[in-house]
*Asks:* 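Structure below; questions to follow.
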2 protein chains.
Amino acid sequence: MARKSATGRIGIADVALKAGVSHATVSRVMNGNFTVDPDIAARVRAAAVELKYQPNPVGRSLALGKTDTIGIVVPDLANPTFQAILRGLSRAAAQDGYRVLIADSFEVSSEEAILAGEARRRCDGLVLCAPRMGDAELAEIAPSLHPLVLINRTTAAPGVPSLVVDYGLGVQALAEHLVELGHTRLAFLAGPAGSASNGLRLEGLAVFKASHAHVDVTMLDGGSDFDTGHEAVDAVLASGATGILAFNDLVAMGLMSGLHERGVNVPADISVTGFDDIPFARYTTPTLTTAAVPIAELGAQAWHQLRALIRQEGTETPGVRYQPRLEIRSSSGSAPVSPAP
Amino acid sequence: MARKSATGRIGIADVALKAGVSHATVSRVMNGNFTVDPDIAARVRAAAVELKYQPNPVGRSLALGKTDTIGIVVPDLANPTFQAILRGLSRAAAQDGYRVLIADSFEVSSEEAILAGEARRRCDGLVLCAPRMGDAELAEIAPSLHPLVLINRTTAAPGVPSLVVDYGLGVQALAEHLVELGHTRLAFLAGPAGSASNGLRLEGLAVFKASHAHVDVTMLDGGSDFDTGHEAVDAVLASGATGILAFNDLVAMGLMSGLHERGVNVPADISVTGFDDIPFARYTTPTLTTAAVPIAELGAQAWHQLRALIRQEGTETPGVRYQPRLEIRSSSGSAPVSPAP
DNA sequence: CCAGACTGAGAGAGCGTTTTCTCACCACAT
DNA sequence: ATGTGGTGAGAAAACGCTCTCTCAGTCTGG
């Protein structure tokens, strides 16, 4: 056995020994440096194959100062949105030979900063999804995280592109849609307080209300998951609204499930809209009217922005603003002639 | 600026310089080695804080021969099953200070071996989900991947624990359930040919058929996603079966959607069962009868097995066999008196 | 009062690469 | 025959850590 190193793994030195050359030459051959005599190169390659030599990426990373890895910090891997972002990111990065390291903060936003820093040090760049982190904290750590791309947040710190979905516009479009169907009493089932994307939705609703004085919009507390929607059914019914804007698809699905149990017909009695257009939105009964966010594309775009930063391409990367597309399905319909039960 | 290293980052040398000690001492302090004079330790710590020094994990990894990272190879990150495994794995590993590196093979099983090798070299261990990889190839690469944990596969190579869900038993339980409801004509909507878990289901069905000669089981071609199920509706109706065992929940949902469009009532006319118990299974209409696999727990367990391997704990890690739990919901009901339309 | 044990910190050798620097060697022109 | 230029490969220095040696210095016991 050609085992020399302490780790027991085949190293560049073993190949050098076997080929009768210096390890520098082996490195040259492995990296396709053409200033090597073809005969020697062949000998080195033969030795490498015979020993099944595979360069150690850690040593390589140390020497090159890059890891060919990027990190992504997500608040919750169980959330379909982040799964989709991860998917898009992973796929796009893989195309350029980069791998993705996951850092799940499990919604513990107090540790997000440390987590992000740790992940960043292991990688060449970072994609950060931290909807609850304070603006001040974000601005403070952002420089040390560079190259950094933000998802659904912006920051004052310079050189940090943001990919944001215009939730405000989306919620306006949904509200508009419901009004066109004749609804005059709407309710918004809000997401987690302090969440940035919830804030954007609220801003959008404010704009909407300003231009639709005759429409009544009730605000209801909520959350971001199925159960939240399910539990909100009483509050929704009590509000007397006939058009419900749920925080996202998950909440909308929970709400529809709860309404179904109560014998309330969607959309005959109450119309429900979601947000995100997760894959299952088209498979619910009734199928869910929602605002579609090209979320996997957002992941891919995150990689492209990050790549530009990593390669230090001078081009300004101002970030991208995504406009949700209204996806009208069967969960929304004409307002009932008489108010909901 | 205390910038010495070429990379521009603060290194251990900078801290050593500032504290007026050797870099060895800084290392000692950072690692909590108590053979350091408290005064000096304090000085070092102060310098580290002032310079915002954060140890470089790559250098650390090289010196220690470990990366505190594990890899997971999945065939498709879009598949809820692998998302759940990833989630469980990531969470459990994080508890022990390990991060997870993703390698998505995008169903290109020809590259899975290279991908796995590459991922493995960057990490301290690997979790491999490669349902389509040939047994021979797997057995060949397995030794070079050690520490390695297999999901839903076994291999002859020694020292490789496997975590397998007993799909055979699950499918038997589901079939049994349908028979108890009076169904005598069943159909199995198969998964991808060559998939290991599909093979296990087929074996289970064979056992079932052997002990239920009076039950007719039709085999139908299928796949693993929603659309597959949706497209299978004609074949299902043509089969005349009243109890359908779908490959998994996604397929079952697609089928139910297709049946709904055809005006076929589930479960009055046809009973449908899934497999996996993905989160959405309890939210479909009707809610889906399925065989529940504690899939996130499987991810956690994968970490525990891998950890034992990494720590070289002598304890044999024979792997775990998970028995699916029947989850009876509303998509299965008594067989109709007259055959389905 | 000095030999031996012990303590604490620095010097330096890895870890496995890449890359620069250096130099031997050959060919060619002078 | 000697100087010059170019080529190709080895020696060695990085990269940023950890950890073993080594050796001053102090403490203790005879």
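Everything numeric here is computed off the predicted structure, so don't read it as measured data. Within every chain, numbering begins at 1; the chains are lettered A, B, ... in the order of the sequence lines, protein sequences first and strands thereafter.
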*Asks:* List, one per line, each side-chain donor-acceptor pair under 3.5 Å for residues 152-160 of chain B, sequence neighbours excluded.
*Replies:*
{"residue": "B:Asn152", "atom": "OD1", "partner": "B:Val165", "partner atom": "N", "Å": "2.9"}
{"residue": "B:Asn152", "atom": "ND2", "partner": "B:Tyr167", "partner atom": "OH", "Å": "2.8"}
{"residue": "B:Arg153", "atom": "NH1", "partner": "B:Ala130", "partner atom": "O", "Å": "2.9"}
{"residue": "B:Arg153", "atom": "NH1", "partner": "B:Met133", "partner atom": "O", "Å": "2.5"}
{"residue": "B:Arg153", "atom": "NH2", "partner": "B:Met133", "partner atom": "O", "Å": "3.2"}
{"residue": "B:Arg153", "atom": "NH2", "partner": "B:Asp135", "partner atom": "OD1", "Å": "2.6"}
{"residue": "B:Thr155", "atom": "OG1", "partner": "B:Ala157", "partner atom": "N", "Å": "3.4"}

*Asks:* Taking 4.0 Å as the cut-off, does a side-chain nitrogen or oxygen of A:Asn56 come that near to OP1 or OP2 on C:dC15?
*Replies:* no
*Asks:* Distance-only criterion, 3.5 Å: show the donor-acceptor pairs between side-chain atoms of residues 38-47 of chain A and protein atoms not counting sequence neighbours.
*Replies:*
{"residue": "A:Arg43", "atom": "NE", "partner": "A:Ala19", "partner atom": "O", "Å": "2.9"}
{"residue": "A:Arg43", "atom": "NH2", "partner": "A:Ala19", "partner atom": "O", "Å": "3.0"}

*Asks:* Can you tell me how far C1' of D:dG10 sits from CD1 of A:Ile40, to the nearest Å?
*Replies:* 11 Å
*Asks:* Does anything in residues 114-126 of chain B form a salt bridge (Lys or Arg N to Asp or Glu O under 4.0 Å)? List the pairs, not counting sequence neighbours.
*Replies:* A:Arg99-B:Glu118
*Asks:* 5'-most contact on DNA chain C: A:Arg28 or B:Leu62, nearest heavy atom basis?
*Replies:* B:Leu62
*Asks:* Check the distance between D:dG16's P and B:Lys66's NZ and give it to me in whole angstrom.
*Replies:* 21 Å
*Asks:* Go through the structure and list residues passing ring-ring contact (aromatic ring centres under 6.0 Å, His included) with B:Tyr98, not counting sequence neighbours.
*Replies:* B:Trp303
*Asks:* Please name all residues satisfying salt bridge (Lys or Arg N to Asp or Glu O under 4.0 Å) with A:Arg87, sequence neighbours left out, ordered by chain then number.
*Replies:* none
*Asks:* By a strict heavy-atom criterion of less than 4.0 Å, which residues belonging to residues 19-27 of chain B are in contact with DNA chain C?
*Replies:*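 Nucleic-acid contacts, sorted: B:Val21, B:Ser22, B:His23, B:Ala24, B:Thr25.
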*Asks:* What is the nucleic acid contact for A:Val58, judged by heavy atoms within less than 4.0 Å: base, sugar-phosphate only, or nothing?
*Replies:* nothing
*Asks:* In whole angstroms, how far is the C1' atom of C:dG16 from the CG atom of B:Leu64?
*Replies:*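 One finds 14 Å between C1' of C:dG16 and CG of B:Leu64, rounded.
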*Asks:* In whole angstroms, how far is the C1' atom of C:dT17 from the CG atom of A:Asp14?
*Replies:*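 Distance check: A:Asp14 CG to C:dT17 C1' gives 13 Å.
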*Asks:* Assuming nearest nucleotide by heavy-atom distance, tell me which of B:Phe34 and A:Asn31 is located more 5' along DNA chain C.
*Replies:*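 Nearer the 5' end of the strand: B:Phe34.
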*Asks:* Atom CD1 of B:Ile12 to atom P of D:dC19: distance rounded to whole Å?
*Replies:* 11 Å
*Asks:* Rounding to 10 degrees, work out the angle separating the end axes of the helix from C:dC1-D:dG30 to C:dT30-D:dA1 (five pairs an end).
*Replies:* 70°
*Asks:* C:dG8 C1' sits how many Å from B:Asp37 CG, rounded?
*Replies:* 8 Å
*Asks:* Figure out the CZ/C1' separation between B:Arg9 and D:dC15, and round it to whole Å.
*Replies:* 13 Å
*Asks:* Quick check: closest heavy atoms across A:Leu128 and A:Ala116, and the distance to 0.1 Å?
*Replies:*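 Heavy atoms of A:Leu128 and A:Ala116 come nearest at CD1-CB, 4.3 Å.
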*Asks:* Could you tell me the separation between the CD atom of A:Gln54 and the C1' atom of C:dG16, rounded to a whole number of Å?
*Replies:* 14 Å
*Asks:* Which residues pass the side chain to side chain contact (heavy atoms under 4.5 Å, CB included) test with B:Leu64, sequence neighbours left out?
*Replies:*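 If we apply the side chain to side chain contact (heavy atoms under 4.5 Å, CB included) test to B:Leu64, skipping adjacent residues, the hits are B:Arg60, B:Lys66.
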*Asks:* Taking ring-ring contact (aromatic ring centres under 6.0 Å, His included) as the definition, give me every residue that meets it alongside B:Tyr53, ordered by chain and number, with sequence neighbours left out.
*Replies:*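 Scan of B:Tyr53 (ring-ring contact (aromatic ring centres under 6.0 Å, His included), adjacent residues dropped) gives none.
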*Asks:* Determine whether a donor-acceptor pair (one donor, one acceptor, N or O, separation below 3.5 Å) exists between the side chain of B:Arg121 and the base of C:dG16.
*Replies:*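 Check fails, no donor-acceptor contact within cut-off.
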*Asks:* So does A:Val21 get a backbone contact from the side chain of A:Thr25, meaning a donor-acceptor N/O pair under 3.5 Å?
*Replies:*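 Flag not set: sc A:Thr25 to bb A:Val21 has no pair under 3.5 Å.
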*Asks:* Does A:Arg60 place a side-chain N or O at less than 4.0 Å from the phosphate oxygens OP1/OP2 of C:dT18?
*Replies:*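 So the side chain of A:Arg60 is within the cut-off, an N or O lying under 4.0 Å from OP1 or OP2 of C:dT18.
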